[in-house]
Protein chains: 2
Amino acid sequence: MTNTWRRGAAHPEPAPERRATISDIAAAAGVSKPTVSRVLNQRGDVAPATRRKVEQVAAELGYVPSTGARALRTGRHGALGLLLPSEPWGGLVDIVYGVSEEAAARAMHVMVFPLPAGRAAERQFTTRTLPHLPVDGLVALMPDDMVPHQGIIPLSGAPVVAFDDRGTRPGIPYVETTNREGVREAVGHLVAHGYRRIAFASGTSGLAFAEARYEGYLDGLRDAGLPHVPQRVLRSEDDMPSDDEIRELLTAEEPDGPPDAVVAGWDEIATAVGHVVHELGLRLGADIGLIGFDDRPEIALMIKGLTTVHQPLREMGQTAVRLLLEIIEHGPGPANATVPTHLVVRDTCGPHAADGTPLPPEKS
Amino acid sequence: MTNTWRRGAAHPEPAPERRATISDIAAAAGVSKPTVSRVLNQRGDVAPATRRKVEQVAAELGYVPSTGARALRTGRHGALGLLLPSEPWGGLVDIVYGVSEEAAARAMHVMVFPLPAGRAAERQFTTRTLPHLPVDGLVALMPDDMVPHQGIIPLSGAPVVAFDDRGTRPGIPYVETTNREGVREAVGHLVAHGYRRIAFASGTSGLAFAEARYEGYLDGLRDAGLPHVPQRVLRSEDDMPSDDEIRELLTAEEPDGPPDAVVAGWDEIATAVGHVVHELGLRLGADIGLIGFDDRPEIALMIKGLTTVHQPLREMGQTAVRLLLEIIEHGPGPANATVPTHLVVRDTCGPHAADGTPLPPEKS
DNA sequence: TTGTACGCGTTATCAT
DNA sequence: ATGATAACGCGTACAA
């Protein structure tokens with residue numbers, strides 16, 4: 001538990017005499033400071049010759065603008081904040097990368113702020129830290145337990161965009177995905193492949209995204225004119241349904257037989273379903289169809305080729321930044337954005353005869 | 001593929017008249033600016049009465065310091081940079097959280113910079129963006145393909161700490177973990193449980209951390225006086241060994257029989273081994289022992305209770321920040337830091353008779 | 001098209 | 001223990 005600290009090789013001295021300023025450039029180029037400033041900020045009213053000269057001198061001097069001075073003068077920081085839930089989750093990486101990517105493309109930096117765990121620490125964060133953040137705007141992944149707080153919006157007046165489908169906060173623009181339509185499409189896909197007794201397995205019922213996916217399941221049944229059989233719906237209060245619950249779902253004795261396909265609320269649940277299917281001696285994609293949601297890459301390790309609804313976290317991150325920048329630059333003309341899911345067809349929903357007889361697999 | 005943008009509810013106006021400055025506080029409290037500054041920066045030489053008065057006024061006015069002005073004046077940004085590989089990976093979240101956690105505890109912010117993918121973009125990043133970063137220091141997760149670049153060190157003179165065990169860069173302090181000792185301990189654990197024909201399965205041979213773990217395997221064999229049997233070592237050049245390679249490893253016909261245990265280079269490989277073990281009709285933790293490396297939580301979904309070597313990514317992130325701050329504050333007295341792994345014993349290495357007969361499981 | 005003069009909010013120096 | 005003053009580097013009126 002104790003760390004070992006060792007002496008290492010010496011840190012090479014970068015020897016930065018003193019960073020060059022626009023005054024230095026002005027002097028060296030024989031012009032005035034404002035002219036240098038104009039050149040550096042790409043403003044039009046500069047003679048081409050002067051421009052070239054200044055640019056050359058700036059490069060020679062290795063000029064790097066002082067973000068501090070610029071922030072002081074302009075009141076903008078050139079940075080966005082990304083508020084993260086206290087609990088890490090694999091998908092966060094994609095969001096972080098999407099946000100960073102788009103921010104970088106707009107010459108903005110990204111600061112990350114995992115919310116401290118615990119009621120007290122969280123409160124202290126929102127009151128003490130949030131208002132001070134040196135950012136021009138905030139992308140907030142608001143966890144459920146933050147909902148009560150109204151203090152989300154930084155006192156600094158920086159605009160906020162919510163990245164959230166666990167329940168929406170009124171008055172805050174947000175980015176969402178097509179949870180409902182995605183599942184609806186998944187059900188349609190199963191139907192098109194011959195599955196008829198389609199079950200739904202999910203958890204954390206009550207949260208907005210889980211509800212939306214359930215609605216999508218119902219939509220899908222309706223689209224196909226299939227009956228809604230309550231015994232084919234598993235909506236656990238917990239994060240994950242237990243293996244027992246899944247077993248019960250898969251072996252539910254209905255007049256027309258047990259489920260021949262399952263749509264899972266998200267990939268981890270699909271994994272669990274896959275295990276139980278295996279246990280029962282059934283073959284995924286033949287005897288039983290299975291579709292997940294999220295398309296998390298790490299899932300590939302558990303289920304060979306899970307057909308799943310891709311949730312575009314990375315694109316959602318990019319979109320959140322675009323939305324936020326729009327608000328920052330053109331004022332609060334707030335809009336929401338929806339980034340569509342799409343179905344990724346792999347191996348777990350092969351063709352299937354409506355009478356329950358598995359068809360020979362088609363080539364993928 | 002197209003996004004839908006909708007009008008949403010109006011953004012509530014935070015109505016920030018004008019942010020209060022220390023001048024405002026000074027005027028309202030009837031003192032001078034420097035005094036206010038002294039109070040706000042917790043400096044000792046202030047009369048208790050004045051201090052209280054100033055603090056009260058500051059609170060009333062909702063004072064928030066201008067990070068821009070402070071940065072301009074002090075030359076410090078109150079922020080650390082975190083340089084990330086271009087390719088996302090689940091473990092990154094833990095690192096990000098560890099770094100953020102420790103930084104927050106030291107009143108520092110964290111900026112993340114995923115390296116852009118592609119040779120050209122990467123080069124542009126190191127030459128164009130890196131030197132401009134408004135940070136006081138940098139924690140760098142240097143990916144393999146960045147090794148050639150010597151431009152890692154920002155021109156700004158900000159110190160760098162490497163978070164890396166894929167090959168060390170000379171002259172840069174770094175944080176590492178006990179890859180070698182961790183595997184050595186794992187082998188010892190297997191031996192203590194009766195396993196004798198211990199195999200090693202890994203990938204990406206050549207990279208420092210993979211080499212270190214292999215050395216640890218050899219150490220472990222030596223410790224126990226066990227022979228090094230080449231047929232029990234699988235070191236793929238790829239990221240992951242294939243199922244075929246693993247099958248071959250598990251069924252290698254040696255005089256004393258096939259392997260009765262496997263140490264995997266990391267958890268994903270352990271998962272693959274687990275699949276093949278299952279395929280062969282063997283029972284994990286009884287017929288065959290298995291130990292992984294990393295202790296990634298998402299692995300729990302694939303293998304019930306994988307015994308594994310915990311790599312403390314979060315602590316390593318914290319340590320990197322401490323190391324970096326040490327250098328920032330007390331100059332380049334560079335040290336490296338090693339954060340120890342520890343073995344997490346779960347279910348995949350139950351007791352085992354040395355002759356190959358599985359023993360009845362002990363209670364965990 | 002270019003230059004002069006000033007101020008952004010903070011901290012450091014020096015004096016009192 | 002406190003106050004006056006200057007300076008950090010940049011952008012922007014305004015004047016030329």
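Values below: every heavy atom of this structure, side chains too, minus hydrogens, waters and symmetry copies. Here is how names work: the chains are called A, B, and so on, in the same order as the sequence lines, proteins then strands, and each is numbered from 1.
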Report the residues that fulfil side-chain hydrogen bond (donor to acceptor under 3.5 Å, both in side chains) with [X], sequence neighbours left out, ordered by chain and then residue number.
{"X": "Q56(B)", "answer": "E60(B)"}
{"X": "T67(A)", "answer": "none"}
{"X": "T129(B)", "answer": "none"}
{"X": "S66(A)", "answer": "none"}

Span of DNA chain C in contact with chain A (heavy atoms, under 4.0 Å): dT1(C) to dG9(C)

Residues that E87(A) engages under salt bridge (charged side-chain N to carboxylate O under 4.0 Å, His left out), provided they are two or more places apart: none

In terms of side-chain geometry, is the basic nitrogen of E55(A) or R52(A) positioned less than 4.0 Å from the acidic oxygen of its partner? no

Here the salt bridge (Lys or Arg N to Asp or Glu O under 4.0 Å) pairs for residues 33-48 of chain B, sequence neighbours left out, are none

Sort me out a list of protein N/O and nucleotides 2-5 of chain D N/O pairs below 3.5 Å, or just none if empty.
from, atom 1, to, atom 2, distance (Å)
dT2(D), OP1, T50(B), OG1, 2.7
dT2(D), OP2, A47(B), N, 2.7
dT2(D), OP2, T50(B), OG1, 3.1
dG3(D), OP2, S32(B), N, 2.9
dG3(D), OP2, S32(B), OG, 3.0
dG3(D), OP2, T35(B), OG1, 2.7
dG3(D), N7, R38(B), NH2, 2.9
dG3(D), O6, R38(B), NH1, 3.4

Show which side-chain atoms of residues 94-114 of chain B pair as donor or acceptor with protein atoms under 3.5 Å away, not counting sequence neighbours.
from, atom 1, to, atom 2, distance (Å)
D94(B), OD2, R296(B), NH1, 2.7
D94(B), OD2, R296(B), NH2, 3.0
Y97(B), OH, P85(A), O, 2.5
S100(B), OG, V96(B), O, 2.7
E101(B), OE1, R314(B), NE, 2.9
E101(B), OE1, R314(B), NH2, 2.6
E101(B), OE2, Q318(B), NE2, 2.5
E102(B), OE1, R322(B), NH1, 3.3
E102(B), OE2, R106(B), NE, 3.3

Taking only residues at least two apart or on different chains, which pairs with a member in residues 68-81 of chain B satisfy side chain to side chain donor-acceptor pair (under 3.5 Å)? H77(B)-D136(B)

Could you go through V31(A) and T50(A), starting from their C-alpha distance and side-chain angles, then the distance that decides it, and tell me whether this counts as side-chain contact (heavy atoms from CB on, under 4.5 Å)? CA-CA 8 Å; V31(A) 296; T50(A) 339; 3.7 Å; yes

For side-chain contact (heavy atoms from CB on, under 4.5 Å), just list the numbers for V321(B) and L323(B), CA-CA rounded to whole Å, side-chain angles, deciding distance to a tenth of an Å, and then say yes or no. CA-CA 5 Å; V321(B) 170; L323(B) 186 49; over 6 Å; no

Nearest atoms (heavy-atom pairs only) where S86(A) meets L115(A): CB-O, 3.0 Å

Which atom pair, heavy atoms only, marks the closest approach of I22(A) to Y63(A)? CG2-OH, 3.6 Å

Just the rounded figure in Å: distance from P of dG9(D) to CD1 of I25(A). 12 Å

Length of the line joining R70(A):CZ and dC8(D):P, which is rounded to integer Å: 18 Å

Stretch residues 71-78 of chain A: residues that reach within less than 4.0 Å of DNA chain C through a heavy atom: L72(A), R73(A)

Quick one: bend of the helix from dT1(C)-dA16(D) to dT16(C)-dA1(D) from 5 pairs per end, to 10°? 30°

